[in-house]
Amino acid sequence: MIHTSRLTVMWIALALLLALLALATSGCASQPIPGSRTSERSARAEDDVDRFSVYELDASWRDQSGATRSLASFRGSPVLLAMIYTHCTATCPLAVSELKRVAALDPDVRFVLVSLDPARDDASRLAHYAAERALEPSRWTLLTGSDADVRDLAATLGVRFRQVTPDDLAHTNLITLLDREGRITRQTSGPIDVAAIAELHATAR
Amino acid sequence: MRSLRLAALILLAAAQQASASGRLVARPVRLARRTASHAAQHMVMLPAGRYRPLYAPPGAERVAVAAFALDREPVTAGAFLAFVERHPEWRRDRVRRVFADARYLADWPAATDAGALGAQRRPVTQVSWFAARAYCASLGKRLPTVDEWEYAAAASERATDATADAAFRSRLLALYAGLGRQTAAAAFVNVYGVRAMHGVVWEWTLDFNSVVLDDDSRATGSGADARDRHLYCASAALGATDPSDYPAFLRHAVRAGLGARSSTSTVGFRCAADMVIS
Amino acid sequence: MSLHIHRPHGHTVAQTLLALLCALLAMLFTFSLAGCNRVADAAPSSDHTAVPVRVPNDEIVGQEVAVLTEAPNVPPAITRTHATRVIVNLDVIEKTMRLADGVDYTMWTFGGSMPGRFIRVREGDQVELHLKNDKHSTMPHNIDLHAVTGPGGGAKSSLTIPGGESVFTFAALNPGLYVYHCATAPVPMHIANGMYGMILVEPKAGLPKVDREFYVMQSEFYTHGKFGEKGLQTLDMEKGIDERPTYVVFNGAVGSLTGDKALQAKVGERVRLFVGNGGPNLVSSFHVIGEVFDNVYTEGGTVASQHNVQTTLVPAGGSAVVEFGVEKPGDLILVDHSIFRAFNKGALGMLHVSGDDNAKVFASLKGLGGTH
């Protein structure tokens, strides 16, 4: 356990340094570098003519209040969706804090966090997680479901994950912006472009 | 009818697997002798064993694979046509867009026409992961996991694990380079009795998206310490159990390139089931 | 994509590496801050040593589709004086092609010819790259352009399955001559099968005028059969790992620049060769027999860093630009001067110079040779 905590401290230090580095670099560049858009997996060309909705998936979820939910119940509002798990200590908190940053800037977008670890993340665990991070229930929905539904959603979104040890998951850290119909508008593992959400609001009106 | 009977017989196994599929721990189920003998015509029993994945989990170079059954051959276009006829929601003109991209069964002459008899005998391609999975489920089966598929694919005609054999590797590379040039019927049958694992079509696996791999294959590998590798900007070779296992890298890259909706002319599938002969 | 794994047990090696990484990042952080200050303070300067962080700030005017060429041809020089959006359509095609007389090889190509299509853009351009993978391909492919500032040189955003297409954009920030290649696992195999080409990012001021420009790219092939063994040859991975190539060639095949296919120039013309090396393993000692390079833009950079050069090194995954005037008619021979490669493995090309003789440049006075 000593090792673990030391390792954790180092990871935190590392994360801080990375964040500082990112800040320093962004401070240098007065404009976004278009080349860096390559890190965003914007919908691939084939899908431009072949748009689909994530809401077409048949899956039944349970939210942090224990109620049954379908993803289609989010229809009508832009949604930022991330697949995380509550025991995750490194990248998931970063994703959540990025989503919280957006929450402060955009009062209308909804947030959905879907657990990659349904065996451990039951409704009460999700409720605890949400309360700990002050995730306002009217805007934030945390979902857990069957292994098969988790795999389907992950496969649909292009989230890759793997059980590494009984306790640990390796996964891609991807935030997906869905439009009002549940179509994938944008995906990023970096900062979210708030303007893109504003565009979705604009087309909604 | 044959398929339906098979479905009924191994439904229990599939149902149990569905609940455990997330963890990918195969759960052996004892089945009646009749089941086993029937399935044996189409499926092959593979004994429990261990194999060496391209990227091993921490602390273990080999991964345990429980006993399971695997289709002897890739699913043919004719068999898939029968499925589409029974389940019209999987016709190319009716399939939900979330389940398949625009190339789904695109080369068939019509939505319920898989072409001439010769074409029907060939492995089906242009099927998405969702469609492949639905096909297997319709027969009470499932897709094999990556571990199961690789375990079965490690075998040559004589050895259960020929992956370290340079001649075998070289042969696989040549087969892959000419993918599709040989027919399934002409492909070799491995020591388990499984045919055409290499060089006819790439095949879907249940957890194809467990390949946590950067699209840039030099930057990371997958599995155990993918994050470390990502940060150290090293190559995919780092952390691989055998950096010279090029056939394994190729299969890995194919999986990494696929999305669940991808329906390409090079990817087909075969089904698996959890079974133990009593 | 960032990845996360939490490991509960201690790893001292991991800790050490982490500590090192942290230190490195701290240094980088300091450095980037310092860089920031320099940018903030520095007035525009002609001091080439202090390169500021580049920001694409050229106004993008209009849009055009890039003309891509098969070797040895090079797209025409860019006459535009403004930045534009350049659409590059590159198709990956796997096809069986001639490697030598009677010898075939299933090449994985960018554009259906060997080496990959030559791309020419201007510094400051916004490039939109469309990578299509032929539906008959057996493998997924991607592209890493060394000219790209961005994740994997584009590779991270371009893994493309057969029948698929990926699109990404990048700013052509740095002028120079760059190699591009496929970076899908196993990378050496994709490169060994022919997946490389070049992209020229012309400096804003353009390149000095010459009369002829050619695209020459060296690479090796590792086949199961010996050099010249007939039939369809396949990749011998062991030879690749041991770095023992069967073929070392220019432009994808033995004899692709000889006989009828020799490069052509006239006495009195100035010639520029865009020389690349796809590798996968060897460094080329590029030499033109019977000529001296007047200018060498070493490693494909933008400064004519050396004059009067006999042989220049072209690294694997790198390039060089050489310029020379041709003063004497005859055949100039392009070789990798690691000479067994030229003599026994195919690294031989020809530049045929026609025109009036000039005895002042060279004349044979006594011996078996003619005037050449």
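Reminder, nothing fancy here: chain letters follow the sequence lines and each chain counts from 1. When reading the values below, keep in mind they use all heavy atoms of this one structure, side chains included, and skip hydrogens, waters and symmetry mates.
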Enquirer: Determine, stepwise, if the pair Thr184(C) / Asn142(C) fulfils side chain to side chain donor-acceptor pair (under 3.5 Å).
Expert: CA-CA 6 Å; Thr184(C) 304; Asn142(C) 64 8; 3.1 Å; yes

Enquirer: Could you tell me whether Phe99(B) and Trp129(B) have their ring centroids closer than 6.0 angstrom?
Expert: no

Enquirer: Using non-hydrogen atoms and a 4.5 Å limit, figure out which bit of Glu94(C) sits close to chain B: side chain, backbone, both or neither.
Expert: neither

Enquirer: Between Trp202(B) and Tyr176(B), is the gap from one ring center to the other below 6.0 Å?
Expert: yes

Enquirer: What part of Ser137(C) gets within 4.5 angstrom of chain B, counting heavy atoms only: side chain, backbone, both, or neither?
Expert: backbone

Enquirer: Name the region of Ser263(B), side chain, backbone, both or neither, that has any atom closer than 4.5 Å to a heavy atom of chain C.
Expert: neither

Enquirer: Within the supplied structure, the quantity of interest is the number of heavy atoms (other residues, nucleotides, ligands) at a distance under 6.0 Å from Arg122(B) CZ; does it exceed 12?
Expert: no

Enquirer: Which answer fits Arg251(B), side chain, backbone, both or neither, if we ask what part of it has an atom under 4.5 Å from a heavy atom of chain C?
Expert: neither

Enquirer: Hey, which of Leu173(B), Leu179(B), Thr264(B), Leu250(B) has the most heavy atom pairs under 4.5 Å with chain C?
Expert: Leu250(B)

Enquirer: Strictly under 6.0 Å, is that where the ring centroids of His141(C) and His190(C) end up?
Expert: yes

Enquirer: Sort out for me which of Ala248(B), Ser244(B), Gly180(B) touches chain C most, counting heavy-atom pairs under 4.5 Å.
Expert: Ser244(B)

